[in-house]
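Residue numbers begin at 1 in each chain, while the letters A, B, ... track the order of the sequences. All heavy atoms count here, side chains included; hydrogens, waters and symmetry mates do not.
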Amino acid sequence: MPELPEVEVLKKTLTKFLVNSTIKKVRINNASLRYKLANNFGSKLRYKKIKNLTRRSKYLLIHFFGGDYILIHLGMTGFFYLLKPKDKKFINASFYINKKINKKHNHIIVYLKNGYNLIYNDIRRFGFMKYYKKSTRKSNNFLIKLGPEPLSKKFNASYLESLAKKRNILIKSLLMNQKIVSGLGNIYVNEALYYSKINPLLLCNKIDKKKLIVLIKNIKKILKTSIKFGGSSIKNYINIAGNKGSFQQKFKVYNRANLKCKNCEGIIKKVKILQRATFYCNTCQK
DNA sequence: TTCTTTGTTCCGGA
DNA sequence: GTCCGGAACAAAGA
């Protein structure tokens, strides 16, 4: 699942290949993403020159000279790769492809003047992209409601405590709320609570500040490590088309129901919180 | 056929 | 009105 670190790595990788490049044409194989692509999506992109790329939460933004931009969300299975057919160069830009690419899910192909094709592949089509005018930069509905970035200074223990004491919800629900902190998904919340020895079923207003300090520290550490790891694993993907990557995510608790805890003798339990799979060790997460 | 998966929105109960 | 959890939704694969 593409989470914040994956999007950050994607941004960095694409930046190298897209900035200052001009779009020659766009081929849309399937416009039915999570939100149907506008009919003029391709024609709007044509001849646009890319200025820079940014990330907000799990959204990737591609900015054009002149100020218009596209907003992208990868959903559950969306990813990008770059292909330079002339020299058979293949670059996996999206961090986590383990399986062979099924071309039938190549929904959008952007042909760039620099010879690269930027390809968007999304098996379940929960991802989306939208074209926006410059004037929407400060009023974009997807961005306007988001809380602080988890890696920003604004996301600290005092901030979290002030919100936690006002609410009567589970700590996991608090962290999953994008208005509280934006960009943490299910996997990283599970992992961060495990590292911090905090039970996801605890009420957020019952957790003392000491614990919150540890939690904040771990969230930042896990995200940073993951970004670093993603950055280095990307290199292994600069291969000829078809070569598989070997990157494996090493989760401490996520998806380990009924297995032995990596920290103690406990067994990892699985419950649902906000309809999401939640994993924790009953012994070390008090 | 049914279940799982994520992020967001909507709805109803307390 | 406010707070909270559950359902629904998007699509595909097991």
(request) Report which part of the nucleic acid K172(A) touches: base, sugar-phosphate, or nothing (heavy-atom distance under 4.0 Å, all strands). (result) nothing

(message) Any salt bridge linking R55(A) with E8(A)? Criterion: basic side-chain nitrogen under 4.0 Å from a carboxylate oxygen.
(response) yes

(message) With a 4.0 Å limit, can you tell me whether Y35(A) has a side-chain N or O closer than that to the phosphate oxygens OP1/OP2 of dT8(B)?
(response) no

(message) Quick test of your reading of the model: are E149(A) and K154(A) salt-bridged, counting only N-O distances below 4.0 Å?
(response) no

(request) Using atom types as modelled and distance alone, determine if a side-chain donor or acceptor of D208(A) lies under 3.5 Å from a backbone N or O of K211(A). (result) yes

(message) Does K269(A) qualify as a cation-pi partner of F279(A), given the criterion of NZ or CZ under 6.0 Å from the six-membered ring centre and within 45 degrees of its axis?
(response) no

(message) At 4.0 Å (heavy atoms only), tell me whether Y59(A) reaches a base, stays on the sugar-phosphate, or touches nothing.
(response) sugar-phosphate

(request) Tell me what K145(A) touches on the nucleic acid: a base, only sugar-phosphate, or nothing, going by heavy atoms under 4.0 Å. (result) sugar-phosphate

(request) Starting at the 5' end of nucleotides 4-11 of chain C, put B wherever the base has a protein heavy atom under 4.0 Å, S where only the sugar-phosphate does, and a dash everywhere else. (result) SSSB--BB

(message) Salt bridge or not between K134(A) and D68(A)? Use side-chain N to carboxylate O under 4.0 Å.
(response) no

(message) Looking at every non-hydrogen atom in both residues, tell me the closest pair between F17(A) and S21(A) and how far apart they are.
(response) O-CB, 4.2 Å

(request) Respond yes when some side-chain nitrogen or oxygen of K179(A) is under 4.0 Å from OP1 or OP2 of dT8(B), and no when none is. (result) no

